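Every value quoted in this text rests on a predicted model; they were computed, and no experiment measured them. Here is how names work: the chains are called A, B, and so on, in the same order as the sequence lines, proteins then strands, and each is numbered from 1.
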Amino acid sequence: MDVMSDPILDPLNPEQRAAVTHGDGPLLILAGAGSGKTRVLTHRVAYLIRDLAVPASAILAVTFTNKAAKEMRERLDRLVGKERLAELTVGTFHGFCARLLRREGPLVGIDRSFAIYDEADQRAVLRQAMAETNASEKVFAPGAISSVISSAKNELKGPADLAASPKGQLDRIAAIVWKRYDELLRDNNAVDFDDLLLLACRVFETSDRALEKWQDRYQHILVDEYQDTNRAQYVLLRYLAGFKQNLAVVGDDDQSVFSWRGADVRNILDFERDYPNAKVVKLEQNYRSTQRILDAAHSVVRNNAARKEKKLWTDRQGGSDIVVMQAYDESHEAELVAREIERLQREGEAHGTRDVAVLYRTNAQSRAIEDTFRAFGLAYQIVGGVSFYQRREVKDTLAYLRLIRNPQDAFALARVLNTPPRGLGDKTRAALLAAAREHEISVGEALEKAEMITTIPRRQQDALISFGKVMTRLRSAGGQLALPRLIDELVALTGYQTYLKDGTEEGEERWANVQELRTLAEDYIALPQEEQLPSFLEEIALVSDVDEYQEAKPAATLITMHAVKGLEFPVVFMTGMEEGVFPHIRAIDSGKESELEEERRLCYVGITRAKDRAYLTYARRRSLFGHTNMNPPSRFLMELPSEGVELRGDIETEERDSWADLDWERDRTRYEERKQARRDAMLAGLPAAWTGRATKQRTAVDHETRFRAGDRVLHPSLGEGMVVSSVARDDDEEVTVAFPDKGVKKLMASFAKLARAESPLGR
DNA sequence: CCATCTGCTTTTTTT
DNA sequence: AAGCAGATGG
C-alpha cells in the first residue's frame, strides 16, 4: 500500500473533499442523484474524528430510514472501525426522538415506558375519539381527520391552534377530536409517530436544562435527505445545533417527494438564509448512470418551474437508449417487462434478477406484475405493500407482548382479549375498562383482579379471571425468560398457537409467521434481560418498508417510486406511465401545479435510479380497483428527449397477432356507455341544479373525434407530436398535442392542418 | 357471544 | 378486488 494513501480523502473528488473537510459552522451540500452523498456523509464523520479530533460520541448522524442508517453504519465500520462506530449516534429521526423521550419524556408528561402506536392502532384510537366526541364517520372520514391532525402535529401545533384558525368545518371537528385523541393516547401510555418529533421539540422548548445537555452532547450533526424534513424536524435540528451551528445537511430539491407528509422543500432552499454563515457545496458529478439516462431525467424535470437549475454530468457518455413500451393492458405490460428481463439475462446484460427493479406509482399496481412474474417463474421481492409486521398474527403476538410490557395499553388489550375467542366481547371489555377507571388502575391490572368485577355474568367473569391468571404468569415470565422463550410461553399459555394451527394451509402459514417473529427476537438475547422486550418492541414499531429490502436476494425488486429513493439498479422499469396513474389522478384533479411538479420530481427520482438501462411502459387500458380505464400516455413520456429514446410498440409478433383481434372502437364505445350509465345513475340522485353540467358533457361525448390519445400527428410547423387528448367542441375538435421539443399545445383540428403520422407505437 | 353474510369503502405516496 | 364494519341469525 502507498505510504501516502489516505482512505478518507483520496477517494473523493474536489467538491466532495471540500464538503468533507469543512470545519465548524453550517454546511449545505446540494447533492444531485448518484453524486455520492452517502460517501460524503460517512467520510466527513471519519474526517471529523481523525483530523479534527471530535469524539465519536459527540457526532450525530440522522437519516429518514433505518435502511439508510444501516448503510451508513456499514460504511463507517470500514472507515472508523467497530469501537468508534459504537460511540457514534447514527439513526432515524424517529428513532432518535424515541430514545430522547425514553430519557426526557417525563418533562413533557410522558412515561418512559410509552408504546409507539402504528397506523392501525392510531386509527382505532381515532375512531374511539370520534365516537366519544360525536363526530360522525359518515360525515368526516377518519382518514381525513387523521391527516389534518398529522399535518398540524408536524407543524408543531396543538388542538387549540387548530381551533383558533380553522380553514373549514373539517378543521373545527378535527380540533375537537384531536384533543380527545391525544388524551386517549396518554391514557394508554402511548404516542403516535408524529408525537415522537413533536414531543422531542417540546422537551427542548420546556427545559433549558435538557436543551443544554443535548446540545453539549452533540458537537456535530449530519443530516441526510434534508429536502424531506418537515417543520418539526427543522426545529429539532435548530435546537440541537444551538449556537455552534455545526450542522451539515445533504439534499437535493429535485428529489423532494414527501410534501404530502409535511416535508417542506423550503427548508433546503432557505438553508442559507436560516444559517447565514453556511458554506455551500454542489455535487454535480454523477457516478451511477449513463449520460443517456441523465439526459432523459433532466429533460423531464426541467419542465418544473419551481426548481434551481442544475445539471448532472457523468464520465459515462452515451449508453443504451431509453426504451418506451406500449402494452395492451396491465397484465400485458407485466408480460413485456418479464420477457425483457428474460432477454437481458439470456444476452448476459443483467447478471441476475437482482439487477432489476420494477417501479410503480401505487402499491395496488404490484399485483398484476406479481401474478405475471409468478407465471413466468421469475423470482421477485416486494418492498412495501402489506408488510410482515402488518399481518394479523404478527400484530396479535406483538399486542400480547405490548400488554406484558405496558399494562396501560388498552388498545393492545382490546386486540387480544378475545383472540383466540374466550367468550369476551364488547360488553365485557367495557366493564373491564370501567372497573379500571373506577379503581384508578391500568386495564392490565384490572384484568388480573377480575374477581372484583361483579357487573358481568358469571361465565364472562370466569373467562376474564382465567385470562387474567394467564397474563399474570406471562408478566412474571417476562421478567425472567429470554425473549424468544417468552414468545413460546405466550403462544402456548394463551392458546394462540392452537388457535392459529387450525389444520388449514393458511393456519400453517400464519403460524410460520409467528415463528418468524420469534426468530427475529433471537437477535435480542444478547441484551440484558430487562431490555430485550422494550428494544424489540421499539425497533419493530419504527421499521419502514424500505428496511425490508434485501440487496443480496436473487430476485427482481418490485417497489413504489417513493420507496425506491436512495436505491440504485442496473436496470429499471417504470410502469404505469399513464395520465391518472402517473401523474396520479389526485395530483391532476387538485389543479395545483405544485402537485404535478412533485409527481414530476418523482419521475426524476425513478429514472435516476437506473445505472445502465431505463424502460418506461404504459398500457392502453388499465383495470384498477373495480373498473377499466383507458388513459392517455403520461405527459412525462412526452417530456423525454427526442433523441436517445426508442419507442417499441411491436415487441414480439405473437402479441401483435393477438392485438389484431381487439376491436378498440367497440371496447371504447362500451366503456363510454358504461361510464355514462354510471354518471346518469349518480345524477338521478342529485338536485336538478347539478344536472345541467352533465348534459353538456353528454353532447361532448356524443360527437366523434378524429384523433385520439396516443395518436402520432404531423403539424406543418411544429413537426411530429403525440396526441394527449382530443375533445369535441361545438362542431370542431380541440386536440391537445405534445411536441417533443415545443411542449404541449392545444389546437383546433379544422384550423391546424394536422395530419396523421406513421405511428411507431401503433398496431 | 359468535359466525356468517352483505354491502361498502378503499388507495397515492410512509416514518 | 378485497378487506372490513355493521347487520343478521344461531
Side-chain angles (χ1 to χ4, degrees), chain A residues 62-69 91-98 116-120 122-124 127 131 137-138 141-144 146-147 150 153-154 191-198 225 228-230 232-233 256-263 330 359-368 371 383-387 389-390 392 417-429 456-457 459-460 463 539-548 559-565 576 580-590 595 598-599 601-603 605-606 623-628:
Chain A
V62 207
T63 63
F64 274 82
T65 65
N66 293 303
K67 165 127 197 349
T92 63
F93 272 102
H94 290 83
F96 173 75
C97 291
I116 301 168
Y117 274 10
D118 70 6
E119 230 161 300
Q122 253 181 69
R123 201 185 146 83
R127 295 189 63 200
E137 287 190 23
K138 295 240 157 58
S146 167
S147 87
S150 173
K153 282 188 176 183
N154 287 155
V191 302
D192 65 19
F193 286 134
D194 302 317
D195 282 338
L196 290 171
L197 304 172
L198 171 82
E225 307 272 19
D228 288 335
T229 50
N230 61 30
Q233 285 153 337
S256 153
V257 292
F258 286 109
S259 73
W260 51 273
R261 219 179 80 193
E330 68 274 5
L359 315 188
Y360 34 81
R361 177 69 227 292
T362 63
N363 280 121
Q365 287 165 255
S366 73
R367 193 179 189 88
D371 290 348
V383 178
V386 181
S387 83
Y389 297 102
Q390 285 167 29
R392 206 177 61 206
L417 186 61
N418 203 34
T419 319
R422 300 183 176 94
L424 300 170
D426 289 345
K427 280 261 163 61
T428 318
R429 190 175 73 229
I456 49 173
R459 181 189 259 272
Q460 269 65 246
E539 282 192 39
I540 279 173
L542 296 174
V543 287
S544 69
D545 287 342
V546 237
D547 302 335
E548 294 167 42
I559 191 169
T560 65
M561 310 226 189
H562 281 90
V564 82
K565 193 152 71 110
V581 176
F582 189 37
H584 195 272
I585 184 73
R586 284 172 79 140
I588 299 175
D589 282 352
S590 79
E595 292 203 16
E598 179 145 325
E599 297 283 306
R601 289 193 292 271
L602 194 56
C603 185
V605 168
S623 308
L624 215 58
F625 75 114
H627 45 254
T628 307

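Residue Asn418(A) places no side-chain N or O under 4.0 Å from the OP1 or OP2 atom of dC1(B). Side-chain nitrogen and oxygen atoms of Asn363(A) include at least one within less than 4.0 Å of the OP1 or OP2 phosphate oxygen of dT14(B). OP1 or OP2 of dC4(C) has not a single side-chain nitrogen or oxygen of Arg392(A) nearer than 4.0 Å.
Of the possible polar contacts, none joining the Arg422(A) side chain to the Ala463(A) backbone as a donor-acceptor pair under 3.5 Å is found. Judged by distance alone, with hydrogens and angles left aside, the side-chain atoms of Asp194(A) form no donor-acceptor pair with the main-chain N or O of Asn154(A) at under 3.5 Å. Checked by atom type and distance alone, the side chain of Glu330(A) never pairs as donor or acceptor with a backbone atom of Gln365(A) at under 3.5 Å.
If you check every strand for non-hydrogen atoms under 4.0 Å, Glu598(A) touches nothing. Note on Arg459(A): nothing from the nucleic acid sits closer than 4.0 angstrom, heavy atoms only. Among the heavy atoms of the strands lying under 4.0 Å from Arg422(A) are primed sugar atoms or P, OP1, OP2 only; no base atom is included.
For Asn66(A) and dT15(B), the CG to P distance is 9 Å, given to the nearest whole Å. We find that CD1 of Ile559(A) is positioned 12 Å from C1' of dT14(B), with the value rounded to whole Å. Between Arg123(A) atom CZ and dT9(B) atom P there is a gap of 13 Å when expressed in whole angstrom units. Atom pair Leu197(A):CG and dT15(B):P shows a separation of 13 Å (rounding to whole Å applied). At whole-Å resolution of the value, CZ in Arg261(A) and P in dT13(B) are 13 Å apart. Atom CD1 in Ile540(A) sits roughly 15 Å away from atom P in dT15(B) (whole-Å rounding). For the pair Ile456(A) CD1 and dC1(B) P, the interatomic distance rounds to 9 Å; values are reported in whole Å. Computed from coordinates, the Lys565(A) NZ to dT13(B) C1' distance equals 12 Å when rounded to whole Å.
Here dT15(B) is the nucleotide among dT14(B), dT15(B), dT11(B) with the atom lying nearest to any side-chain atom of His94(A). Of the listed nucleotides (dC1(B), dG6(C), dA2(C)), dC1(B) has the atom at the smallest distance from the side chain of Lys427(A). Comparing dT15(B), dT14(B), dA5(C) against the side chain of Thr560(A) picks out dT14(B) as the nearest. Closest to the side chain of Pro421(A), out of dA3(B), dT15(B), dA5(C), is dA3(B). Listed nucleotides dC1(B), dT14(B), dT15(B) differ in distance to Gln460(A); the shortest reach to its side chain belongs to dC1(B). Taking every side-chain heavy atom of Arg127(A) into account, dG6(C) is the closest of dT13(B), dT15(B), dG6(C). Of the candidate nucleotides dT11(B), dC1(B), dT13(B), dC1(B) has the atom nearest to the side chain of Thr428(A).
Below 30°, between 30° and 60°, or above 60°: for His562(A) and Phe258(A) the angle between ring planes is between 30° and 60°, a tilted geometry.
The aromatic ring of Trp260(A) sits over the base of dT13(B), with ring centres less than 5.5 Å apart and planes inclined by under 30°.
Using C1' as the reference atom, dC4(C) and dT13(B) are 23 Å apart when rounded to the nearest Å.
Of the residues near DNA chain B, Gln122(A) and Gly423(A), the one whose nearest nucleotide (by heavy atom distance) lies more toward the 5' end is Gly423(A). Along DNA chain B, the nucleotide nearest to Leu602(A) and the one nearest to Pro142(A) differ in position, and the one closer to the 5' end is contacted by Pro142(A).
The salt bridge (Lys or Arg N to Asp or Glu O under 4.0 Å) check on Asp195(A) picks up Lys153(A), Arg186(A), with sequence neighbours excluded.
Here the CG-OG distance, from Asn230(A) to Ser259(A), works out to 11.5 Å after rounding to the nearest 0.5 Å.
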